[in-house]
Structures are given as C-alpha cells and as structure tokens.
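Note that ligands are numbered from 1 as they come in the structure, with each ligand's atoms numbered from 1 the same way. For reference, positions follow the sequence shown, starting with 1.
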Amino acid sequence: MRITAPVLVEARRPMEMLELDLDEPGPGEVRVRMTASGVCHSCLHTADGSHSGLPMPIVLGDEGSGIVDAVGPGCRTLSPGDHVILSWAPSCGKCRPCRQGYPALCLNEAPWGRTADGTTRFHHRGQDVYHYGPSTYAPSIVVPETAAVSIRKDFPLDLAALIGCSVTTGFGAVVNTARVKAGQSVAILGCGGIGLNAVQGATVAGAHPIIGIDVVDSKLDFARQFGATHTINSRKEDMVGRVMDLTGHGVDACIVAVGSTSAMEQGLRILAKRGVEVVIGLAATGDSLSVDPLVLVQGEHRIKGSFYGSGDPAVEFPKMIELAMAGKLRIEDLITHRYDLDQADEAFRALAAGEQARGLIVF
Ligand SMILES: [Zn+2]
Ligand SMILES: [Zn+2]
C-alpha cells in the first residue's frame, strides 16, 4: 500500500510529507486505517532533539485510534472492522512482567524504531523508515495485534485516540501507581495533557484537595476545569509554602507530569510523611535527580516511576471508555486544537508553547 505521511528526517527540522510503501501485515500483525492521533510530548522530545538515539527517518505518533482493515496470518484477537486504540507497548505475553500483568514493562520489547523482528513496515524508495511505537501520524499503519486494543463501537473513535497515551498514563499514575484513596491530598506538577488526566484520576479517586501546579496560567485554568480544587503558579508564588498552608502537612501524593528534574526535586519537598512522588514526565537523556536521603528516610517517602499508568492497556483502555461514557472522565474537553495531517509541525509548536490541553490530528 502507498501512503503519504509526515516523516521526521532530522531533529529540529520540519517534518517532510513523503510517499511511503507500507508492508502487508505479517504473521500476528494487523493493518489499521487511522481515525485520529493525539499530539504527545514524548514525540516532541524526539522532534526537538531532547531525546537522542532514535533512528531516522522516522514516523512519529504514539497515541491514536482507527479501524482494522486487514489482518495477517495467525491473528487471533482482531478482525477487519474492529475499532481499536493503539498501544505503544506491544508485548510478548511470555516474560515475567507480561505474566504479572504489566505488558508495558515487557522484557522483549522491540528495538527502538523497529518491530520485534528488527525490520520496519515503512519504506521510502527502498530505504527503511523507522517507527515511533505505533507511528500514529501515518494514515495507515501495520502493528502487532498486541498493540491494538479493540473497543466498543458506540464510542466516538476520534476521541478514543487520547486513551492510547495521555488519558491512561495520567489517570493510571494516580489510581494505579500512587493508589490514591478518598480524602487523600494530591498535587499535580505540570498540567499539560497528561497532568490534566492525573487531575481527572484524582477526582475519580475522591482526593481532596487536588492542587494543580504549573508555570503557565492558561494550564492552571484547564486544571480547575478538570477538577483541581486549588492551583499554584510556581513561577509567581511560593509553591512549598502554599501547599503547606493548604494541607497543613504536605500532600499524600505528588504526581510529576513534566520532564523537569527541578520539578521532581521540588515535588519531594511538598510530600507529607509517608507521601509518594510519582514521576511520569520524561527527563532529557542523561539527566539525574538529587534526593536528600535523610529526608527520604525520616519521612518514609517513596519515589515511584509510572510507565503507561502501571496497567495493562488491554484492561485499562476499555475501562477508560466506560468511565468516559458514564460521564466520569472528560475526553472531548481535553481537545483544544484539531489539525490536518500536514500540520503536525504546527501542532508541536503549539504544544511547546503551552497553548493546548491536547491537540488532535484527524485523518
Ligand atoms: Zn505519549
Ligand atoms: Zn513480555
């Protein structure tokens, strides 16, 4: 199949709309005709050069939804016509983390930029073009069947795209990783696409107060719309002082949804005794974090990473759909900008400038 997709040829350069050859789905693979793709910060990290090491040229996009239109030999879980949300964590199903129910932590993950067998499904004039996970910026993609989770067909498929990364990651960090209970206090550092879904997770969990923290006032406005009871602009206000005033003792959970190590260090300073800091934001390659070990011990603090919301996408995605259909999770309101496929660079610019809650590329 011949498709036209935005291709990142080199970091810090506009993407090029190139004609690509897309392979037929092989054994255990499916082809998905894309409906929509969210614009995620992890892809921006690659486009702006803060994450190095990915092979190029590459098709970006880790958050999307579409309809299966062909299946390869031996495909057992999906059929043409199925509505699916793409997962960026295909899994082997056999290794220890997979068997424990954490396929996002699969030990047999595909090498960066490639499928599990080391090859690519995109080619440009005979040259391999690499994959950023499912590469949801392409209008049609070929992925392992474990990277496509079927969902009910009566949910708007374009909105479902966001469940593939930001919704599940932010919500799961609060509910699955921090295991926030009703009445516990939560702070969310970084109120972008993922942070807003952490706010929603805290709301569903019954947390109080829910404190949204950012340096951009427009993002704090979004945080209040999605359930934050208080907001702090940490550039203008004394963040630690205000959190202590609001809670009396610090927060039970601090979710850091920004890749800044100084935010991660500040987050540790607002924890209550036995509080947990959950780090979701991706720091730049080679960054390191400084922790006061004495405070860590005396406060019985915990620091946890959270990858894909600490859950199994095959379980979490349908759960997010049910919560959205029940009105407990707001997805449509997250989408502040819609783009055509050839506007992916503009979508990144707006994301970097903090103008979006979430941008959505619609095919
Ligand atoms: Zn993402
Ligand atoms: Zn595995």
*Asks:* When you measure from the centre of the six-membered ring of Phe226, is the NZ or CZ of Arg330 closer than 6.0 Å and no more than 45° off the axis?
*Replies:*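 Yes, Arg330 sits over the ring of Phe226.
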*Asks:* What N, O or S atom of Asp62 is found closest to the Zn ion (ligand 1)?
*Replies:*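 Distance check against the Zn ion (ligand 1) picks out OD2 in Asp62.
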*Asks:* To the nearest 10 degrees, calculate the angle at the Zn ion (ligand 2) involving SG of Cys98 and SG of Cys106.
*Replies:*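 Taking the Zn ion (ligand 2) as the apex, I get 110° for this pair.
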*Asks:* For Glu63 and Thr136, which I'm curious about, is there any donor-acceptor pair between the side chains at under 3.5 Å?
*Replies:*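 No, Thr136 and Glu63 have no side-chain donor paired with an acceptor closer than 3.5 Å.
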*Asks:* Please check if any side-chain donor atom of Thr77 sits under 3.5 Å from a side-chain acceptor atom of Glu145, or the reverse.
*Replies:*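 Distance-only check passes for Thr77 and Glu145.
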*Asks:* Measure from the Zn ion (ligand 1) to each N, O or S atom of Cys40 and report whether any distance is below 2.8 Å.
*Replies:*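 Given the 2.8 Å cut-off, Cys40 counts as a ligand of the Zn ion (ligand 1).
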*Asks:* From Cys43, does some N, O or S atom reach closer than 2.8 Å to the Zn ion (ligand 1)?
*Replies:*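 No, since none of the N, O or S atoms of Cys43 sits under 2.8 Å from the Zn ion (ligand 1).
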*Asks:* Assert yes or no for the condition that the ring centre distance of Tyr132 to Trp88 is strictly below 6.0 Å.
*Replies:*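 No - the distance between ring centres of Tyr132 and Trp88 does not fall below the 6.0 Å cut-off.
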